[in-house]
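The structure appears below as structure tokens.
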Amino acid sequence: LAVATRRALSDINSPASAKSTVTAATLAPRKRKRPDFAAIRGRIAGRVASAVCVMLENVSGGHASAEAARIAGLGSPRLTPEPVGAASYLTAVHGAQVPVGRSLAIYDLGGGTFDATVVRRTQTGFDVLAEEGLQDVGGLDFDHAIVEHLGQTYRASHGGTWERLVNPADSNDRRSRRMLYEDVRGAKEMLSRTTNADIHIPALEVDAHLTRDEFENLVRPYLDRTIQCLQRAIAAARVQPQDLTGIFLVGGSSRIPLGSQLVHKRRGGVPIVLDHSNQRPHWLEWYNAPVLAAFDTAEAWERAHPATS
């Protein structure tokens, strides 16, 4: 895989080709490594009618991914906006009823960014009405806030060691920093289920105690901004309150309890739907791609999952 990627990089003649060529180099070796997939797929489902490529970030990024799929020998996929994939997942997997003409807000809080989108149900799927986003709000920012909080406690007593931990100078320091952030991330996730968690700080060899209240105080400013962003998206979509069916919270960081509490408080009365399946919430748009790809056309999808009129 690494060799194929390096070869792809050496063949790139223009910046525009970078995404598709490198991604194809990633996809193609994986396809060769698992040759039985084609046979299994043929026995279970027969011919694959179409492929779906979820558009991340923007349209140009989606087209780059589609070109990557073509280069990798996966055919010409149908481009599907990420929030449309989430909305389709909600109706197909969760069984949510979204009548034709009604709208759904997607609150997508991931590891690096936040996106708020409003989609409207049509006879053939979902249309995007409005989008807003924050490029500097996500799980990584929450991790950094925790580390900064720890620094307020340990920087004074372990100044030199702490500075090497957050600004590593060699491989040992980088290893310690990686271990610290892994423990911070684990504690953050645990605080979605418990009221306190311990964080081991390498190099100092101490265990720091963090409560859910402390964590929520650290991330509340970020979450407040996501609510404001969601409000802007709903306003831009010009959706009447009675036409908003619900708000679907997706993305790994959407499982932080304070997030759903703030959404409910600010949008009182609108149903809030959290993805609590065994699938990782930040992958659900991708999980939905095979669901959509099982049908030749949008009309076939609607025959299997009719909209409520």
Side-chain angles (χ1 to χ4, degrees), residues 1-2 5-6 9 18-19 22-23 26 56-57 107-115 133-229 249-262 274-275 279-283 286:
L1 181 59
T5 303
R6 285 197 295 272
L9 286 169
K19 276 189 177 181
V22 174
T23 306
T26 302
L56 301 175
E57 303 170 359
Y107 175 102
D108 185 354
L109 183 55
T113 61
F114 171 76
D115 296 290
L134 300 171
Q135 298 300 310
D136 58 346
V137 175
L140 295 177
D141 300 287
F142 304 161
D143 297 346
H144 183 68
I146 294 174
V147 172
E148 286 296 304
H149 172 73
L150 296 175
Q152 293 177 7
T153 301
Y154 295 102
R155 184 177 282 111
S157 56
H158 302 80
T161 305
W162 179 263
E163 287 304 318
R164 290 198 306 275
L165 191 58
V166 295
N167 297 296
D170 56 34
S171 59
N172 288 332
D173 292 344
R174 286 191 291 273
R175 187 182 306 110
S176 295
R177 185 178 190 272
R178 184 170 61 252
M179 292 170 60
L180 171 63
Y181 271 86
E182 287 175 354
D183 234 37
V184 163
R185 184 164 53 252
K188 175 189 67 178
E189 294 172 357
M190 183 177 294
L191 289 173
S192 292
R193 304 184 299 272
T194 64
T195 58
N196 58 81
D198 288 332
I199 301 171
H200 180 70
I201 303 179
L204 305 187
E205 297 304 325
V206 298
D207 290 331
H209 192 69
L210 184 68
T211 67
R212 180 184 288 182
D213 287 342
E214 290 173 326
F215 172 65
E216 290 182 345
N217 287 334
L218 294 173
V219 302
R220 183 181 289 272
Y222 294 102
L223 295 177
D224 282 338
R225 291 180 59 201
T226 68
I227 303 301
Q228 295 166 7
C229 186
L249 276 59
V250 302
S253 297
S254 70
R255 291 191 172 185
I256 295 174
L258 180 62
S260 58
Q261 293 168 13
L262 291 175
L274 284 158
D275 179 57
Q279 296 169 357
R280 297 186 180 184
H282 49 290
W283 287 0
W286 292 100

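No hydrogens, no waters, no symmetry mates; every other heavy atom, side chains included, goes into these values.
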Any non-hydrogen side-chain atom of [X] less than 4.5 Å from a side-chain atom of [Y]?
{"X": "Arg220", "Y": "Leu262", "result": "yes"}
{"X": "Leu109", "Y": "Leu223", "result": "yes"}
{"X": "Asp183", "Y": "Ile201", "result": "no"}
{"X": "Val147", "Y": "Trp162", "result": "yes"}
{"X": "Lys188", "Y": "Val219", "result": "no"}
{"X": "Glu189", "Y": "Ser192", "result": "no"}

Rounded to the nearest 0.5 Å, what separation is found between the [atom1] atom of [X] and the [atom2] atom of [Y]?
{"X": "Thr226", "Y": "Ile256", "atom1": "OG1", "atom2": "CD1", "result": "9.5 Å"}
{"X": "Met179", "Y": "Arg175", "atom1": "CE", "atom2": "CZ", "result": "8.5 Å"}
{"X": "Asp115", "Y": "Leu134", "atom1": "CG", "atom2": "CG", "result": "8.0 Å"}
{"X": "Leu180", "Y": "Arg185", "atom1": "CG", "atom2": "CZ", "result": "10.5 Å"}
{"X": "Ile199", "Y": "Met190", "atom1": "CD1", "atom2": "CE", "result": "10.0 Å"}
{"X": "Asp224", "Y": "Cys229", "atom1": "CG", "atom2": "SG", "result": "13.0 Å"}

Could I get the full list of salt bridge (charged side-chain N to carboxylate O under 4.0 Å, His left out) partners for Asp141, not counting sequence neighbours? none

Not counting sequence neighbours, which residues clear salt bridge (charged side-chain N to carboxylate O under 4.0 Å, His left out) with Glu163? List them please. Arg155

With no hydrogens and no angle check, is any side-chain donor or acceptor of Asn217 less than 3.5 Å from a backbone partner on Asp213? yes

Kindly say whether Gly110 contributes a backbone atom to a donor-acceptor pair with the side chain of Ser253 at under 3.5 angstrom? yes

What do the steps show when you test Arg225 against Asp136 for side chain to side chain contact (heavy atoms under 4.5 Å, CB included), and what is the final call? CA-CA 10 Å; Arg225 291 180 59 201; Asp136 58 346; 3.0 Å; yes

Testing the 3.5 Å rule here: is there a donor-acceptor pair between the side chains of Tyr107 and Ser254? no

When you look at Val206 and Tyr154, which way does the side chain to side chain contact (heavy atoms under 4.5 Å, CB included) test go after all the steps? CA-CA 10 Å; Val206 298; Tyr154 295 102; 3.9 Å; yes

ring-ring contact (aromatic ring centres under 6.0 Å, His included) pairs touching residues 188-222, sequence neighbours excluded, are Phe142-Tyr222

As a quick check of understanding, evaluate side chain to side chain contact (heavy atoms under 4.5 Å, CB included) for Leu165 and His158, giving each step before the final call. CA-CA 10 Å; Leu165 191 58; His158 302 80; over 6 Å; no

